[in-house]
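First up is the structure itself, then whatever we jot down about it.
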Amino acid sequence: QVQLAESGGGLAQTGGSLRLSCAASGRTFSGYAMAWFRQAPGKEREFVAVIDWTYRSTNYAASVRGRFTISRDSAKNTVYLQMNTLKPEDTAVYYCAAKVGWEYNTRRQSYDYWGQGTQVTVSS
């Protein structure tokens, strides 16, 4: 049973930084894509970033590219999202997700496993 647990959310000011963590358990994640999505009030859940567990290939949404960095620590079975130069429009609940394989890795419907989410609020 795959379990994903996010942490690290909170309140930040515009221009500030936060680091989110996603602790993964239940199996080895070789061959998995591990991603972050976010959902703002009244909006659809949207793709943020993804990393291939084995080869560390990455992909980012245009809105966060250059500001956010996704990484993973295999020894800790943890995926991170470093968020810099935060903007009020980054305010959302951030979710960690996992799927087998690299294909369609920006599509929410492709992911099999989800965490509970962590709130990020950026004040202006």
Query raised in the report: Is Met83 reachable from Val93 through a run of hydrophobic residues whose side-chain heavy atoms are each under 4.5 Å from the next?
Result: no
Query raised in the report: Do other residues, nucleotides or ligands put more than 12 heavy atoms under 6.0 Å from the CD atom of Gln109?
Result: yes
Query raised in the report: Do Arg45 and Tyr95 meet the cation-pi criteria used here (NZ or CZ under 6.0 Å from the six-membered ring centre, within 45° of the axis)?
Result: yes
Requested in this report: Indicate yes or no for a side-chain donor-acceptor contact from Glu6 to the backbone of Thr118 under 3.5 Å, with no hydrogens or angles considered.
Outcome: no
Query raised in the report: Is any side-chain heavy atom of Val120 closer than 4.5 Å to a side-chain heavy atom of Arg38?
Result: no
Report summary line: In short, Ile70 meets Trp36 closest at the heavy-atom pair CD1-CD1, 3.6 Å
Query - Atom pair OG (Ser124) and NZ (Lys87), whose distance is rounded to the nearest 0.5 Å - result: 14.0 Å
Query raised in the report: Any donor-acceptor pair under 3.5 Å linking the side chain of Ser21 with the backbone of Tyr80?
Result: no
Requested in this report: Considering non-hydrogen atoms only, spot the tightest contact between Ala98 and Tyr32 and give its length.
Outcome: CB-CD2, 4.0 Å
**Report entry** Candidates Asn105, Val50, Asp52 - the one meeting side chain to side chain contact (heavy atoms under 4.5 Å, CB included) with Ser57
**Finding:** Asp52
Requested in this report: Could you tell me the separation between the CG atom of Asn84 and the CZ atom of Arg19, rounded to the nearest 0.5 Å?
Outcome: 11.5 Å
Query - Value rounded to 0.5 Å, distance of CD in Gln39 from CD in Glu46 - result: 9.5 Å
Query raised in the report: Does one hydrophobic cluster hold both Tyr113 and Val100, with members joined at side-chain heavy-atom distances below 4.5 Å?
Result: yes
**Report entry** ILVMFWY cluster, Leu11 and Leu86 together (side-chain gap under 4.5 Å)
**Finding:** no
Requested in this report: List the atom of Tyr94, the atom of Val48, and the distance in Å for their closest heavy-atom pair.
Outcome: CE2-CG2, 4.3 Å
Query raised in the report: In Å, rounded to the nearest 0.5 Å, how long is the span from OG1 of Thr78 to CG of Leu20?
Result: 12.5 Å
Requested in this report: Report yes or no: does Arg67 contribute a side-chain atom to a donor-acceptor pair with the main-chain N or O of Ser63 at less than 3.5 Å?
Outcome: yes
Query raised in the report: Do side-chain atoms of Thr54 reach the backbone of Gly31 as a donor and acceptor pair under 3.5 angstrom?
Result: yes
Query raised in the report: Are Leu81 and Val122 linked, directly or through other ILVMFWY residues, by side chains that come within less than 4.5 angstrom of each other?
Result: yes
Requested in this report: Determine, stepwise, if the pair Phe68 / Asp90 fulfils side chain to side chain contact (heavy atoms under 4.5 Å, CB included).
Outcome: CA-CA 11 Å; Phe68 291 10; Asp90 294 320; 3.9 Å; yes
Query raised in the report: Is there side-chain contact between Tyr111 and Phe37, with heavy atoms separated by less than 4.5 Å?
Result: yes
Query raised in the report: So does Gln116 have more than 12 non-hydrogen atoms from other groups sitting under 6.0 Å from CD?
Result: no
Query raised in the report: Can you name the nearest heavy-atom pair linking Ile51 to Arg56, along with the distance?
Result: CG1-CA, 3.9 Å
Report summary line: Shortest non-hydrogen pair, Met34 vs Ala24, comes out as CE-CB, 4.1 Å
Query raised in the report: Do other residues, nucleotides or ligands put more than 12 heavy atoms under 6.0 Å from the CD atom of Gln119?
Result: yes
Query - Considering all heavy atoms, the nearest Trp53-Ser30 contact - result: CD1-N, 3.8 Å
Requested in this report: With rounding to the nearest 0.5 Å, note down the distance linking OG1 in Thr58 to CZ in Arg72.
Outcome: 12.0 Å
